[in-house]
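The next block holds one structure in the form of C-alpha cells; read it before the comments.
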2 protein chains.
Amino acid sequence: MDDRAPRAATGRAKRGARVTIHDVAKASSVSVTTASQALSGQGRMALATRERVKAAAKALSFRPNAIARALLKQRSFTIGLLTNDTYGRFTLPVMAGISEALVDRGVSVFLCSVERDPVIGQSHVDAMLEKQVDGIIASGKRLDSRLPVDLSGVDVPVVYAYCEGPEGSVGFVSDDGQGARLAVAHLVDRGCRRIAHVTGPEDFAVVHRRAEGFAAALAAAGLAPVRAEPLIGDWSEAWGFAAAGALLEGPAAPPDAVFCGNDQIARGLIDALTLRGLRVPQDVAVIGFDNWEIFAAATRPPLTTVDMNLKDLGRHAGLTLLDLVEGRPVSPGIRKLPCRLVVRASSG
Amino acid sequence: MDDRAPRAATGRAKRGARVTIHDVAKASSVSVTTASQALSGQGRMALATRERVKAAAKALSFRPNAIARALLKQRSFTIGLLTNDTYGRFTLPVMAGISEALVDRGVSVFLCSVERDPVIGQSHVDAMLEKQVDGIIASGKRLDSRLPVDLSGVDVPVVYAYCEGPEGSVGFVSDDGQGARLAVAHLVDRGCRRIAHVTGPEDFAVVHRRAEGFAAALAAAGLAPVRAEPLIGDWSEAWGFAAAGALLEGPAAPPDAVFCGNDQIARGLIDALTLRGLRVPQDVAVIGFDNWEIFAAATRPPLTTVDMNLKDLGRHAGLTLLDLVEGRPVSPGIRKLPCRLVVRASSG
DNA sequence: TTCGGCTGCGAAAACGTTTCACCAAACTGC
DNA sequence: GCAGTTTGGTGAAACGTTTTCGCAGCCGAA
C-alpha cells in the first residue's frame, strides 16, 4: 500500500482533527461497538467484517486514544519515576531498564527530578497523581537515603529502586556485599594474597556492605587483610592517588592487590602506582566498583570492576510495580540483586 | 485542620475509589457545574458558595482527574522527550531544563530512550501519540545527527534540542563558535600568545564550529595559531595525552596555551604536561569544553572550560514547544544559544 | 405593571473509548 | 414446524471533567 495514502486521509479535515473509532466505524459501515471489538480481537463477528474494520483503521491510520481508554478503564498505562539523582549516574541505567521492561506492555514513564527540594518534589508527585499514574518508582543515588517526598499516603503502588523506602515497602538494591566477594574471589583466584581495600566515606551504607563482603571473602579464602581496617576517604581520584602512598609507605609489605570502593578511586590509585614505577596488574592488581565506563575503560590498563546491574534492577522494579498495579501478590521487603564482575586488564 | 481527616474521607469506600468532583458537589450541596466553576475561579456565584465548595474539596482532598480534563480539552499537558543519548551526558541537563520550565505550567514529560533502533523508536513515538502528548522534543548527543525516527508525519508540534532536525523545523543548539571565541579571548586576556587547538574527530560538526571560533578569535586578536591546523584526534584522554607530545616535540616553539575540544582531552593533556614538568597554567594554560563536572573539577588544577548551558537550552526548547502547542507564532529555524566560560585554575 | 438586566445556579452535551445487555436472523435437532 | 442455540451485530451507559446555554428570581426604571 502506498504509504502516503493514510497521510492524505489523516489530513482530511483541519489540522488536529484526529481520526476516532467513529470514523473507522463509519468507513466500514459498522457500529462503534463492532469496530472496537474488531480491533481488539474481542466479540463475535464474521471474519470478513473484522478484516474490513482492520483495513479501514489502517487506511485511516487510526490511533486509539489512550486518554479515553484510561478514563474508562481507570488505568493509564503510565507510571512515574521520581529521582533525586540530578547527575543521572545511577538513575539513567535504572530508567533504561524500567523503560525496556515496560515499553512492550504499553507503559510509558514520566521522569521527574526532585533534587533536594520537598516542595518541588511534592508538586511533581501531585502532578503525577493528577495524571493518574498507575504506580510510582522512587529511585535515588544512594542506597541509604530517602527522597525528599512522602509517598506513604499515595493511593497507588510504590516501588523503591536503589534508594531507601519506609518499613514494609517493596524495594530493589544491589547486593554490594556479593559484588565485593566476587571481586576478592577473583583476585584470590589470580594468586593475590595481600589484598587491601580503599573506599569512600563511612556514612555511606555501601561502604560498609562492600567492606563486609571484602572481609568475608578474605576470611573464606583463609587470608588476613593487609590492613586491619579499610582505608576510608572520599569517592575521588585524589583520594585514590593519596591512598597509594599510604599503602606503600608503611613498614608493612605492600599489597599485591587493591579492591577499591569505586572506579574513581581505582583510577587515582592506578595513576599513583604507575607513577611509582609499579606495574598494574603484575605488581599490584586493582579492581574498582560501579563500572562507570567512562572511567573504567579509560584507565590504563582498563579497569576490572564490579557492575551493579542497574539496568536489571530497573527491569525488576518495573515488572514488580506492574505486578502490584495488576493486583498480583508481591511480598514486601528489600530484594538484593546480584552484581557482576567485569574483567578487564587491571586484574591480570 | 487535622491532616488526617482528609485521609479518612478519601478512604470512605474501597481502595481505589477516587474522590471526584461529584463528591465535592454533593458535599457542598451544589451542582457539579457550580463545583467545577467554584474551583476554577470561573462563573458567577456567591462568594460564600465558592468558599464552601473549596472547603469541601480540601476536606475530601479532591484531586481533579487530569485524564478526564485532557479528554475534554484535547490537551493532555504532557509532552514527550525523545533521546538517543543513552548515557545521558547531554540529555539529562536538557531534560532538567525542560522539566523546570514546564512543571509550574502543569506539564509532565515522558522520557523515551530510542538508542539506535528505528523500530524501538517508532514504538515509543506511537505510544506517545496514543497517549496524546501535546508535543515532542527530540534531543540527541550530537548536533549533527538525527534520531532514528521520522517525526515529519506526526501531527503535534516538534522541537529539536541539541540534535539535527529536518528543513524548516524549530531547533535549539549551542553556539559552539561563540564558546570557542570566549575561551580564546580569555586566554588572550591572560596574556597568552601562542595558542593551540586540540580537538576531536573531523566528522563531528562541533569540531568545525569550535575550530572556526578558535580561528576567528585569534584573528580578531591579531594572532596566528601556533599550528596551521587544529590537532585532530578522538574525544579521549589518551588523545589529549598524546597531543601534548605532538605539540611539544616539534621544531616550533611550544604553545603557551591550549584550547581543547572537550574536557577529557584537556584532562589527558594536563596530565601529560605535568608529567613533562610543565606547570599549568604558568607554562601552559589549558581550557576544555563541556564543563563535565566530574572531569573538569577533578583535573589538577581544576579546569577552565566552556559550558554549553544545556539546561538553558532545555528551558528554551520547552517554552518554545509550549508556544507552538498553544498556537503562538514561532518562526522556524535553528537558534544558537550562547555558551558561557567557567573559569577555574587551569587558565591562570 | 411591564420590561430589561443582573445574579446565582443547574441541566446537559461533549471528549473517545469499552462493555454489558440485548436483539434479529439463521440454523439445529427432532 | 417449533423450541432452542448460535451467529453477527447494535444501543447505550459509563469514566470525570468543562462549558454552553438557559432558567428562575429579584431589582430598578419607565
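So you know, we letter chains A, B, ... as the sequences are listed, proteins then strands, and number each from 1.
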Neighbours of DNA chain C within residues 30-43 of chain A, by heavy-atom distance under 4.0 Å
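Within this stretch, A/Thr33, A/Ser36, A/Gln37 sit under 4.0 Å of the strand.
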Rounded to whole angstrom units, what separation is found between the [atom1] atom of [X] and the [atom2] atom of [N]?
| X | N | atom1 | atom2 | result |
| --- | --- | --- | --- | --- |
| B/Glu51 | C/dG8 | CD | P | 14 Å |
| A/His22 | D/dA12 | NE2 | C1' | 11 Å |
| A/Ile21 | C/dT18 | CD1 | C1' | 9 Å |
| B/Arg75 | D/dG16 | CZ | P | 23 Å |
| B/Phe62 | D/dT18 | CZ | C1' | 11 Å |
| A/Phe77 | C/dT17 | CZ | P | 15 Å |
| B/Leu47 | C/dG8 | CG | P | 10 Å |
| B/Lys26 | C/dG10 | NZ | P | 14 Å |

For the student: nearest non-hydrogen atoms of B/Ser108 and A/Ala127, plus distance
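Closest approach of B/Ser108 to A/Ala127: OG-CB, 4.2 Å.
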Considering all heavy atoms, the nearest B/Ile98-B/Gly314 contact
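B/Ile98 and B/Gly314 have their closest heavy atoms at CG1-O, 3.3 Å.
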Inspect the surroundings of CZ in A/Arg75 and state if more than 12 heavy atoms from other residues, nucleotides or ligands are less than 6.0 Å away.
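Yes, because the 6.0 Å sphere around CZ of A/Arg75 holds more than 12 heavy atoms from other groups.
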If you count every heavy atom of other residues, nucleotides or ligands that lies below 6.0 Å from B/Arg116 atom CZ, does the total exceed 12?
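Count not over threshold, so no.
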Supply the atom-to-atom distance B/Arg44 CZ to B/Thr49 OG1, rounded to the nearest 0.5 angstrom.
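One finds 13.0 Å between CZ of B/Arg44 and OG1 of B/Thr49.
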Atom pairs and distances, side-chain donor-acceptor, residues 32-39 of chain B, under 3.5 Å, sequence neighbours left out:
from, atom 1, to, atom 2, distance (Å)
B/Thr34, OG1, B/Ser31, OG, 3.2

All ring-ring contact (aromatic ring centres under 6.0 Å, His included) counterparts of A/Phe110, not counting sequence neighbours
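Listed in chain order: B/Phe110.
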Among residues at least two apart in sequence or on other chains, which ones pass ring-ring contact (aromatic ring centres under 6.0 Å, His included) with A/Tyr162?
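ring-ring contact (aromatic ring centres under 6.0 Å, His included) check on A/Tyr162 returns A/Phe90.
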Side chain of B/Met45 only, please: which of D/dT17, D/dG9, C/dC9 is the nearest?
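The answer is C/dC9.
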Under a 4.0 Å heavy-atom criterion, the protein footprint on nucleotides 22-28 of chain C, written with B, S and -, is -------
Test applied, side chain to side chain contact (heavy atoms under 4.5 Å, CB included); reference residue, B/Pro148; option that passes from B/Leu82, B/Val119, B/Asp117, B/Val114
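Among B/Leu82, B/Val119, B/Asp117, B/Val114, the one that satisfies the side chain to side chain contact (heavy atoms under 4.5 Å, CB included) with B/Pro148 is B/Val114.
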Each nucleotide N or O in nucleotides 13-15 of chain D that has a protein N or O under 3.5 Å away: list the pair and distance.
from, atom 1, to, atom 2, distance (Å)
D/dC15, O2, A/Leu72, N, 3.4

Any salt bridge linking B/Asp85 with B/Lys141? Criterion: basic side-chain nitrogen under 4.0 Å from a carboxylate oxygen.
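So B/Asp85 does not pair with B/Lys141 through a salt bridge.
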Between the side chains of A/Asp312 and A/Arg315, is the shortest nitrogen-to-carboxylate-oxygen separation below 4.0 Å, so that they form an ion pair?
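Salt bridge present between A/Arg315 and A/Asp312.
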